[in-house]
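Each remark here refers to the structure printed beneath this line.
In what follows, every chain begins at residue 1, and chains take the letters A, B, ... in the order their sequences are listed.
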Amino acid sequence: MSLPFLEGLNSPQHEAVTLPRQSALVLAGAGSGKTRVLTTRIAWLISTGQASPHSLLAVTFTNKAAREMLTRISGMLPINTRGMWVGTFHGLSHRLLRTHWREAGLPQLFTILDSQDQLSLVKRFLKDLKVDDQKYAPRQVQYFINANKEEGLRPSAVEATDDFRRRLLEFYSAYEDLCRREGVVDFAELLLRSFELLSEDEILRQHYRARFQHVLVDEFQDTNRLQYQWLQLLAGESNAVFAVGDDDQSIYAFRGARSANMQQFERDFGVERVIKLEQNYRSHGNILDAANALIRQNRMRLGKNLWTSEGAGEPLRLYRAPSDTAEATFIVDEIRMLAAEGVALTDIALLYRSNAQSRVLEHALFSASVPYRVYGGLRFFERQEVKHALAYLRLIANPDDDGALLRVINFPARGIGTRTLEQLQGTAQGMGASLWQAACQRGGKGARITASGKGLEGFVELIERLRAATEGLPLPEAIEHVIEMSGLAAYYNAEREAAERMENLAELVNAAAAFVSEQDRGILPAGEAFDAETAAVPETELTAFLNHAALEAGERQAGPGTDCVQLMTVHSAKGLEFHTVFISGLEEGLFPHENSLTEADGLEEERRLMYVALTRARRRLYLSFAQSRMLHGQTRYNMASRFLKEIPPELTRRIGGFAVESPFARPYATVPAGPQGPPFVRETRLVASGLRVGQSVVHPKFGAGVIVGAEGRGDDARVQVSFRNAGVKWLALEYAKLTPA
DNA sequence: CTAGCTGCTGTTTTT
DNA sequence: CAGCAGCTAG
């Protein structure tokens with residue numbers, strides 16, 4: 001049998017693809033054909049008869065990656081991919097829970113909470129409990145809950161080491177109660193709940209283990225503890241897990257990813273040989289050399305060196321700008337030049353560390369009429385008006401969803417204020433019921449005679465009318481009705497900036513139409529028919545759509561048709577490649593981000609992030625930084641990022657004229673970074689009062705440190721000091737008693 | 001009850 | 001410079 005898709009694989013790729021059924025680890029560098037190996041292996045397993053689509057499960061982290069995988073497989077094999085389980089950890093977990101909601105102890109029509117919804121739920125009950133939000137910030141409580149869930153820990157399993165944590169645990173428990181009462185499930189819960197389902201239900205576990213003979217995992221370095229355990233549970237002793245990953249591209253440790261899972265996987269799953277893919281098919285030599293040199297500074301690595309058979313290519317271009325706006329102008333000028341040379345705008349990416357940085361760049365692009373597209377930031381399903389519309393839909397699907405109710409009970413305004421709401425909440429508490437049930441009672445009794453359409457009564461009536469009017473309608477039409485009848489349309493039409501909001505609402509209808517038709521064609525993994533043997537009642541179309549909205553926040557909204565420059569954070573650039581890449585804002589404090597310096601392993605993660613950024617470029621790479629930058633409404637003066645010095649100067653070319661005291665003058669090796677990294681401090685800048693960046697100082701309380709940054713002048717002057725034992729702090733020069741050491 | 005204002009705070013990355 | 005919570009005037 002000839003297998004055309006095996007042609008052109010290099011030898012480690014070929015080995016990985018055709019490995020006999022066993023657990024295997026593939027260490028795949030950036031641009032080394034990772035996805036190709038994964039999908040080709042699936043094609044190989046199927047076409048050689050070693051596996052049926054039915055016995056395959058492939059898991060990724062993003063919906064995009066899952067889709068990409070399905071597309072490629074269909075391109076190689078003329079099979080129906082429907083029998084395969086391909087999706088994200090969350091998507092697959094969701095599917096398990098949807099099928100086995102009863103066994104998992106969930107209501108049949110449970111809905112999914114995205115992180116925004118989760119946060120507002122947390123805020124809500126913290127307020128009810130009258131918690132001091134100075135001491136317990138909602139975001140921290142949310143983080144605490146998620147972090148524990150991602151370790152696989154329920155409240156009872158978490159140790160309360162002190163009063164503070166004891167309190168947090170109470171919140172965690174209270175939060176769980178609330179979720180149960182409202183029939184909602186957050187992201188982490190999807191995983192944890194499905195994990196518990198499989199671990200507690202022997203029969204189900206055996207069933208799925210018998211089914212999924214082959215489990216394939218993409219981006220293995222991004223798995224957290226719970227996901228690892230989930231895989232272990234699903235695979236059991238006898239099934240083969242084929243894991244692909246790159247420890248150097250682990251950039252999600254901040255949310256629990258453990259690249260150490262790769263080493264643990266080797267041991268736990270009896271991996272005989274680790275296959276390394278080191279040949280890079282993406283970038284020219286100089287770019288790879290730079291990336292290799294940079295990542296070599298990390299100590300915690302499995303070890304890997306990328307190479308290419310292509311030439312060295314152009315040197316990397318370094319640019320120092322006096323200000324963030326100047327940096328943006330420079331970038332735009334270069335883009336126009338590139339465009340004139342025939343580089344497609346779509347093939348140019350502007351990368352930055354944090355979303356806030358896109359503003360300046362957008363402004364410059366806009367002024368120069370260069371079309372661009374920003375990824376990330378506010379996603380489609382997270383927009384206010386869309387959330388409102390979805391909240392009405394959620395209420396139709398599940399009236400006990402208090403979060404949804406609170407969101408729209410008085411939006412558009414219908415005379416229900418804090419007072420009414422308080423009473424309502426009181427009633428609900430008394431009844432031990434949802435707000436909706438309480439509202440039905442109060443509104444239903446018609447206690448007050450109000451103009452129809454107003455007050456609680458009006459709201460209850462409205463929702464009931466909505467439910468009646470949309471019943472049996474095709475989803476897109478139902479949504480149109482909701483937008484009209486709820487008053488959202490009237491409200492936004494009256495607003496000044498209505499146009500965009502109305503467009504988004506119209507787009508929501510389109511999204512529903514697209515969802516329905518894709519589901520009919522079986523494209524969406526979520527919409528697949530359930531296992532015959534479990535014969536679950538399928539969720540309604542509406543619930544399916546709502547969960548789709550939560551699970552897939554609407555990654556892309558603009559039509560991909562137009563030729564435009566791509567703006568995104570480095571995180572969201574992972575997995576992509578471009579002819580030309582600009583990495584901007586390469587400044588100490590920004591990239592590496594100052595918050596990372598106080599975290600364990602923080603600097604190494606930042607460096608991996610930089611590594612990811614560098615390896616996105618195929619042909620041309622620009623690295624730039626600005627000496628001053630507006631941040632949070634203040635001008636800050638930053639030094640060049642230490643990462644710039646970790647790139648060998650012979651690979652680079654400075655453009656735009658540098659001063660003699662160039663921060664690029666010296667390779668990293670001469671200034672070793674300590675554990676907290678003080679930082680490379682070549683460039684000296686007078687701050688004030690004789691102190692300068694780079695100077696060693698002593699503080700009466702914090703001890704010895706080095707000045708790593710400065711901002712403001714005169715009385716406002718502040719310096720950032722990295723203390724040997726006290727971390728990095730900003731100090732006002734006026735007050736801090738700093739003495740030169 | 002609503003709307004509009006003020007003052008405060010929190011700012012990394014996101015499935 | 002946001003976005004949000006809380007307050008005040010209508």
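- Take A/Glu189 and apply the side-chain hydrogen bond (donor to acceptor under 3.5 Å, both in side chains) test, not counting sequence neighbours, and it matches A/Lys149, A/Arg154, A/Arg193.
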Produce a footprint string for nucleotides 9-14 of chain B: one letter per nucleotide, 5' end first; B if the base is under 4.0 Å from any protein heavy atom, S if only the sugar-phosphate is, - if neither.
--BBBB
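- At least one test fails for A/Arg225 against the ring of A/Tyr228: distance under 6.0 Å to the centre or angle within 45° of the axis.
- Judged purely by distance below 3.5 Å, without hydrogens or angles, the side chains of A/Glu219 and A/Gln221 pair a donor atom with an acceptor atom.
- Taking atom CG of A/Leu631 as the reference point, atom P of C/dC1 lies 12 Å away to the nearest angstrom.
- For the residue pair A/Ser641/A/Glu587, the side-chain donor-acceptor check at 3.5 Å is not satisfied.
- Taking atom C1' on both nucleotides, C/dA5 is separated from B/dT12 by 24 Å, rounded to a whole Å.
- Between C/dA2 and A/Arg359, a contact under 4.0 Å exists linking OP1 or OP2 to a side-chain N or O.
- Between A/Phe515 and A/His548, the angle of the ring planes lies from 30° to 60°, which puts this pair in the tilted group.
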Report each atom pair, protein N/O against N/O of nucleotides 8-10 of chain C, whose distance is under 3.5 angstrom.
none

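- Between A/Phe187 and A/Arg419, the one whose closest nucleotide on DNA chain B sits nearer the 5' end is A/Arg419.
- There is no side-chain donor-acceptor pair under 3.5 Å between A/Gln227 and A/Asp222.
- Heavy atoms of A/Ile416 sit under 4.0 angstrom from primed sugar atoms or phosphate atoms, though from no base atom.
- Across all strands shown, A/Asp222 has no heavy atoms under 4.0 Å from either base or sugar-phosphate atoms.
- Every residue two or more places apart in sequence or in another chain that forms a salt bridge (Lys or Arg N to Asp or Glu O under 4.0 Å) with A/Arg301 is listed here: A/Asp248.
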When you compare the protein's N or O atoms with those of nucleotides 3-6 of chain B, which come within less than 3.5 Å of each other, and at what distance?
none

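- Within the nucleic acid shown, A/Lys127 comes within 4.0 Å of sugar-phosphate atoms alone, with no base atom in reach, counting heavy atoms only.
- A side-chain donor-acceptor contact under 3.5 Å links A/Arg98 and A/His94.
- Protein atom CG of A/Leu119 is 12 Å distant from nucleotide atom C1' of C/dC4, rounded to whole Å.
- In this structure, A/Arg636 pairs ionically with A/Glu594, as a charged nitrogen and a carboxylate oxygen lie closer than 4.0 Å.
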Could you tabulate the donor-acceptor pairs under 3.5 Å formed by side-chain atoms of residues 565-572 of chain A, not counting sequence neighbours?
| residue | atom | partner | partner atom | Å |
| --- | --- | --- | --- | --- |
| A/Gln566 | OE1 | A/Tyr375 | OH | 2.9 |
| A/Gln566 | NE2 | A/Cys564 | O | 2.7 |
| A/Thr569 | OG1 | A/Ser572 | N | 3.1 |
| A/Thr569 | OG1 | A/Ser572 | OG | 2.8 |
| A/His571 | NE2 | A/Ile251 | O | 3.2 |
| A/Ser572 | OG | A/Thr569 | N | 3.4 |
| A/Ser572 | OG | A/Thr569 | O | 3.2 |

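- Ring geometry for A/Phe89 against A/Trp230 counts as perpendicular: the plane angle is over 60°, on a 0 to 90° scale with 30° as the lower cut.
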